[in-house]
Protein chains: 2
Amino acid sequence: MTSEVQRARQSLAPYARPAVAVDLVVLTLVDGALHVLLIRRGEPPFEGKLALPGGILRVGDGEEDQGEDLDVAAVRELHEETGLESRDVLLEQFATFGRPGRDPRMRVVSVAYYALVRPELARRVRAGGDAAEARWEAVGRLDASTLAFDHEDILRVALARMREKLDTSALAFSLVPERFSIPELRAVFSAVKGEPQDPGNFRRKVKRLIEDGVLEAAPGVRRTASKPAALYRFRAASPETPARGFKSGTRSA
Amino acid sequence: MTSEVQRARQSLAPYARPAVAVDLVVLTLVDGALHVLLIRRGEPPFEGKLALPGGILRVGDGEEDQGEDLDVAAVRELHEETGLESRDVLLEQFATFGRPGRDPRMRVVSVAYYALVRPELARRVRAGGDAAEARWEAVGRLDASTLAFDHEDILRVALARMREKLDTSALAFSLVPERFSIPELRAVFSAVKGEPQDPGNFRRKVKRLIEDGVLEAAPGVRRTASKPAALYRFRAASPETPARGFKSGTRSA
DNA sequence: GTAATAGTGTCTCTAAGACATTATACT
DNA sequence: AGTATAATGTCTTAGAGACACTATTAC
């Protein structure tokens, strides 16, 4: 047993290897509801079902050229399947899925990322992207067994992680336009948390972020069905004052 | 480009594959300080350096037999290298590391887990485990470049994730004895957060957990250098009343 | 004008932080 | 007796939640 472990670390080559893929949970907000980008599968397995976009990690020859980093693969797949650039989205690894049998063809370990897309960029995806069959589906409307593989699990874990981080990171600002109104930001919180947010209380929370320098007023107004709303923007990280999201810093004097 | 992606999903076989490993950040508390289990490497690369325990994922033949799940591999490695059983520890996947070149021999993608070990079990590790060279090292004393591969990164990410979850999960209860005193639990918080916790305020927080049924009084006392402390235990999850950690539920009436 | 919603203000309650104080053990 | 620390209590402040209310726009 000891020798087995030691041999494993000494010489990795003789072991059978799984395929390693990168899968993407690409999310955006459409009309106040979370939507996920899905692709209709054209071949078995799961032919005709919807699946998360993704692809195989490039590993080069594995020795001299060890290939691309996981994050690079995620960026590449995102670009290939949506036309989006990495600077346009928040792309973050959140979990890895490797249950035997999750792909009936062979053992596949999938490193999963979520990609948060601003609403104004989401419209371009079908036109610009490579994947002609890509489509946005409302997360709430997906019933069990519409997704291929274990992609329903992956989606669920992505949403759970986002819920955890929503209040303590700058995540929400990647789901609104670069210049956004407070009601728009509130819609993100309502959608991700799955319950409406009180307008007054939410506004107060955002106002604190402005006082703390996390957000700043932006020119223009957002026209709505009634009274227009003022705009704000997320203040980019600077070396002295690193970017913070909700609650990520002390609010001392 | 489109066809490339489609071919990838249709036929995974022709792609070169990385090795997939499971690495473990095994942590415990010794004298109020976090310690991580490390193994002295006996062969290149990084001969003589300390490394996280871990091993290669078993994938079977990859077709008929697709091998073991990632979590199973983590449990197996933990047992092989420490003798610990999965029921004794909190084992949780937290991130995956795949930078090209992180292992000079070949492309290796490592799925990383942290394993939290109760102090009373930690002492058994050297005697019981397979890895005779395993040793506990104080996390605070590790200086850069003592660890092999990118294991310093892995350790850092593990600790960061634990800090995030400490207040919102039951994680802390896996680093104290099954029956623990409030000061012992406070030591866990102090060690993970890296700053001392106020005794009075911390006690008040724990008392709320007792009122809420998360913890319950346990028989006996913990003897200390001065006044003995009362003991408590974490109430196991039940179907009706799922287990909660710090703050993981509403504290309503 | 009316409807809708942006934006403000108020009241209550919970919890965190910074302590001071008391109680009970070990030496 | 003296020391250490478990355990309790007090005061202040920040923030969440539940509202009522006002202001400004589109129609």
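Chain A is the first sequence line, chain B the second, and so forth, proteins listed ahead of strands; every chain is numbered from 1. Note that the structure is a prediction, hence the values are computed from the model and not measured.
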Original post:
Nucleotide by nucleotide, 5' to 3', does protein get under 4.0 Å of the base (B), only the sugar-phosphate (S), or neither (-) in nucleotides 17-27 of chain D, counting heavy atoms?
Top reply: BBB---BBBS-
Subject >> Rounded distance in Å - CZ (A:Arg203) to P (C:dT8) >> reply: 6 Å
Original post:
Has the side chain of B:Arg222 got a donor or acceptor atom that lies under 3.5 Å from a matching backbone atom of B:Pro183?
Top reply: no
Original post:
Whole Å only: how far is the CZ atom of B:Phe202 from the C1' atom of C:dA18?
Top reply: 17 Å
Subject >> Value in whole Å for how far the C1' atom of D:dA7 lies from CZ of B:Arg208 >> reply: 16 Å
Subject >> Side-chain heavy-atom pair B:Leu50, B:Glu137 within 4.5 angstrom cut-off >> reply: yes
Subject >> A:Leu166 CG to D:dA16 C1', straight-line distance once rounded to whole Å >> reply: 15 Å
**OP:** Can you see which heavy atom on A:Arg233 is nearest to which on A:Glu178, and at what distance?
**Re:** CB-O, 3.6 Å
Original post:
With no hydrogens and no angle check, do the side chains of A:Ser110 and A:Arg102 hold a donor and an acceptor under 3.5 Å apart?
Top reply: yes
Original post:
A:Ile210 CD1 to C:dG7 C1': how many Å, rounded?
Top reply: 12 Å
Original post:
Roughly how many Å is it from CG in B:Asp167 to C1' in C:dA16, rounded to a whole number?
Top reply: 11 Å
Original post:
Looking at A:Arg222, does any N or O in its side chain come under 4.0 Å of the phosphate oxygens OP1/OP2 on C:dA6?
Top reply: no
Subject >> Plane angle bin for B:Phe94 and B:Phe97 - parallel if under 30°, tilted between 30 and 60°, otherwise perpendicular >> reply: perpendicular
Pair up each side-chain donor or acceptor in residues 200-207 of chain B with any protein partner under 3.5 Å, not counting sequence neighbours, and list the distances.
from, atom 1, to, atom 2, distance (Å)
B:Asn201, OD1, B:Arg204, NH2, 3.1
B:Asn201, ND2, B:Asp198, OD1, 3.4

**OP:** Verify the contact: side-chain N or O of B:Lys207 to OP1 or OP2 of D:dT8, cut-off strictly under 4.0 Å; return yes or no.
**Re:** yes
